[in-house]
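Structure first, commentary second.
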Amino acid sequence: MAAARRAGYDVAMPELPEVETVKRELEPWLTKRKIIRAERGPDAPAGPKYAGLERAAGQTIEAVTRLGKFIVMPLSGGDELIVHLGMTGTLGAELPRDHLRVAVELAGRAPRTLYFRDPRRFGRFLVAPDGDRSALPTLAKIGPEPLEASFTPAVFAAATSRSGMGIKALLLSQRAVAGVGNIYADEALWRAKIHPEAPANQLSKARIAALQQAIVEVLRASVEARGTTLRDYRRVDGERGEFAAAIQAYGRDGEPCVRCGKTLARLVVGQRGTTYCPSCQRLPKGG
DNA sequence: CGCATTTCCTGGTAGC
DNA sequence: TGCTACCAGGAAATGC
């Protein structure tokens with residue numbers, strides 16, 4: 001039952017609005033700060049997820065930017081510090097009680113340490129030469145930023161017309177647009193009245209334009225609410241985002257569609273739980 | 001290259 | 001109380 005699943009399993013993975021909120025909170029703290037050293041935590045997994053941390057020492061953080069769900073900090077020595085929060089990663093100034101993966105010691109005024117906590121180890125925190133994104137293929141091929149003017153219906157239509165994938169799978173791939181994950185994919189598709197498994201290249205220009213607009217609107221509204229907190233996601237200050245109250249589709253299967261009253265259904269798309277309205281969101285040509 | 005499938009990983013929960 | 005089984009999922013790795 002949906003209510004039980006929400007109580008038990010809902011996890012708010014950081015998507016664009018959550019990462020944007022984190023980025024805004026980090027910006028005044030970290031910009032122009034010199035890094036003394038960046039170190040793996042006691043049980044950070046070895047390997048590429050935490051590569052190159054030793055490179056950060058002595059470099060200054062020039063800016064805190066965001067590309068999709070990635071936080072990208074250009075460093076003065078020609079490197080980039082790149083963070084992906086995964087599903088449960090958090091950044092903050094307080095020493096976490098457990099699951100500490102990275103600590104970055106800063107010169108100058110307090111707070112002087114940035115901590116990366118990541119219980120489920122899906123996150124990444126690495127340093128690489130500027131522009132070398134070979135360790136992050138998704139970032140290397142990431143689609144347009146949905147909240148920038150360059151994300152137009154025509155640009156989006158060009159991307160969707162090239163793919164025969166189901167539209168939700170394409171959204172989650174990050175290639176057609178950056179920053180949309182499971183929650184906002186379900187929300188945008190519900191708003192645009194598009195079935196999650198509709199082949200991307202079979203959607204009409206009008207449907208694509210509606211989806212482009214829905215993506216922009218839902219992300220913009222959530223950024224304003226400082227993201228969605230269902231359970232795991234916390235802002236840098238530990239507070240919750242407030243967009244959860246505005247969720248109309250994600251995780252509401254078994255409950256009535258607020259638009260037509262029919263019961264929202266659930267299916268699995270690319271291993272992701274997916275909620276949609278079988279009445280409002282129909283496959284093209286399907287009736 | 002495109003796309004599908006598998007893997008990574010822990011915490012919460014149901015059920016016993 | 002403590003155990004097992006299972007489920008949540010973004011991106012990378014792997015397979016065709």
Side-chain angles (χ1 to χ4, degrees), chain A residues 1-20 22 41-51 66-72 82-90 96-101 116-126 128 132-143 158-187 196-202 227-234 244 247 250-254 266-275:
Chain A
M1 176 175 172
R5 187 160 51 249
R6 261 203 313 290
Y9 298 119
D10 268 1
V11 174
M13 50 289 179
E15 304 182 33
L16 187 149
E18 293 75 30
V19 179
E20 175 65 20
V22 169
D43 56 352
K49 287 185 175 183
Y50 298 92
R66 179 190 56 72
L67 289 173
K69 304 174 203 172
F70 294 85
I71 295 169
V72 179
I82 301 176
V83 185
H84 195 293
L85 300 174
M87 287 170 48
T88 57
T90 53
R97 287 172 298 284
D98 52 11
H99 306 303
L100 172 64
R101 308 300 174 200
F116 182 52
R117 176 179 187 262
D118 184 26
R120 284 159 76 173
R121 300 171 184 246
F122 274 36
R124 290 170 165 71
F125 195 118
L126 51 91
D132 175 9
R133 292 174 180 166
S134 51
L136 299 161
T138 300
L139 181 59
K141 297 169 65 174
I142 202 157
T160 55
S161 68
R162 282 195 298 267
S163 174
M165 292 172 78
I167 184 64
K168 177 166 176 177
L170 181 63
L171 291 178
L172 295 181
S173 80
Q174 309 298 301
R175 279 183 290 125
V177 60
V180 176
N182 209 28
I183 295 176
Y184 300 106
D186 278 8
E187 290 305 296
E197 290 179 315
N201 57 11
Q202 284 178 32
T228 300
T229 298
L230 296 176
R231 193 176 63 218
D232 290 327
Y233 165 73
R234 289 291 187 281
I247 294 289
Y250 174 81
R252 293 190 68 244
D253 49 289
R266 176 186 158 87
L267 52 82
V268 175
V269 173
Q271 311 282 93
R272 271 59 179 165
T274 297
T275 303

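Chain naming here is simple, since letters A, B, ... match the order of the sequence lines and numbering starts at 1 in each. Note that the coordinates shown come from a computational prediction; the quantities given were computed from them, not determined experimentally.
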To the nearest Å, give me how far apart [atom1] ([X]) and [atom2] ([N]) are.
{"X": "A/D118", "N": "B/dT10", "atom1": "CG", "atom2": "P", "answer": "10 Å"}
{"X": "A/D186", "N": "C/dA8", "atom1": "CG", "atom2": "C1'", "answer": "14 Å"}
{"X": "A/L267", "N": "C/dC7", "atom1": "CG", "atom2": "P", "answer": "16 Å"}
{"X": "A/N201", "N": "B/dG2", "atom1": "CG", "atom2": "P", "answer": "14 Å"}
{"X": "A/H99", "N": "B/dC9", "atom1": "NE2", "atom2": "P", "answer": "14 Å"}
{"X": "A/E15", "N": "C/dG9", "atom1": "CD", "atom2": "P", "answer": "10 Å"}

Name the nucleic acid region contacted by A/K141, choosing base, sugar-phosphate or nothing; use a 4.0 angstrom heavy-atom cut-off, strictly under.
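Sugar-phosphate, backbone atoms only, no base.
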What's A/G123 touching, base or sugar-phosphate or nothing? Going by heavy atoms closer than 4.0 Å.
nothing
Inter-end axis angle, the helix from B/dG2-C/dC16 to B/dC16-C/dG2, with every axis fitted to five base pairs (rounded, 10 degrees)
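Computed angle between terminal axes is 30°.
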Could you pull out the closest heavy-atom pair between A/E15 and A/N182, with the gap in Å?
OE2-N, 3.3 Å
Grab the two heavy atoms, one from A/P196 and one from A/T274, that are nearest each other, plus how far apart they are.
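Heavy atoms of A/P196 and A/T274 come nearest at CG-CG2, 3.7 Å.
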With the threshold set at 4.0 Å, does a side-chain nitrogen-carboxylate oxygen contact exist between A/R117 and A/D98?
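Answer for the salt bridge query: yes.
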Carefully, step by step, assess A/T88 and A/D118 under the rule side-chain hydrogen bond (donor to acceptor under 3.5 Å, both in side chains).
CA-CA 6 Å; A/T88 57; A/D118 184 26; 3.2 Å; yes
Phosphate contact ([N] OP1 or OP2) by [X] side-chain N/O below 4.0 Å:
{"X": "A/R266", "N": "C/dA8", "value": "yes"}
{"X": "A/Y250", "N": "C/dG9", "value": "yes"}
{"X": "A/R120", "N": "B/dG11", "value": "no"}

Do the two ring centres, one from A/F125 and one from A/F116, sit under 6.0 Å apart?
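Aromatic pair counts; centres sit under 6.0 Å.
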Can you list the residues that meet the salt bridge (Lys or Arg N to Asp or Glu O under 4.0 Å) rule with A/R124, with sequence neighbours excluded?
none
Taking only residues two or more places apart in sequence or in another chain, which ones pass salt bridge (Lys or Arg N to Asp or Glu O under 4.0 Å) with A/K69?
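Per chain and number, A/K69 pairs via salt bridge (Lys or Arg N to Asp or Glu O under 4.0 Å) with no residue.
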Could you tell me whether the side chain of A/R133 reaches within less than 4.5 Å of the side chain of A/V72, counting heavy atoms only?
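With C-beta onward as the side chain, the pair touches.
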N/O to N/O distances under 3.5 Å, protein versus nucleotides 3-5 of chain B:
unit_1: B/dC3; atom_1: OP1; unit_2: A/G164; atom_2: N; d: 3.4

Keeping A/E187 on the side-chain end and A/Y250 on the backbone end, is there a donor-acceptor pair under 3.5 Å?
yes
Just verifying a value: how many Å separate A/L170 CG and A/S163 OG, rounded to the nearest 0.5 Å?
4.5 Å
Every protein N/O lying under 3.5 Å from an N/O of nucleotides 11-16 of chain C:
unit_1: C/dA11; atom_1: OP1; unit_2: A/H84; atom_2: NE2; d: 2.7
unit_1: C/dA11; atom_1: OP2; unit_2: A/K69; atom_2: NZ; d: 3.3
unit_1: C/dA11; atom_1: OP2; unit_2: A/Q174; atom_2: NE2; d: 3.4
unit_1: C/dA12; atom_1: OP2; unit_2: A/T138; atom_2: N; d: 3.0
unit_1: C/dA12; atom_1: OP2; unit_2: A/T138; atom_2: OG1; d: 2.0
unit_1: C/dA12; atom_1: O4'; unit_2: A/R124; atom_2: NH2; d: 3.4

Got a sec, which pairs hit side chain to side chain donor-acceptor pair (under 3.5 Å) with one end in residues 170-181 of chain A, sequence neighbours left out?
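Matches after skipping sequence neighbours: none remain.
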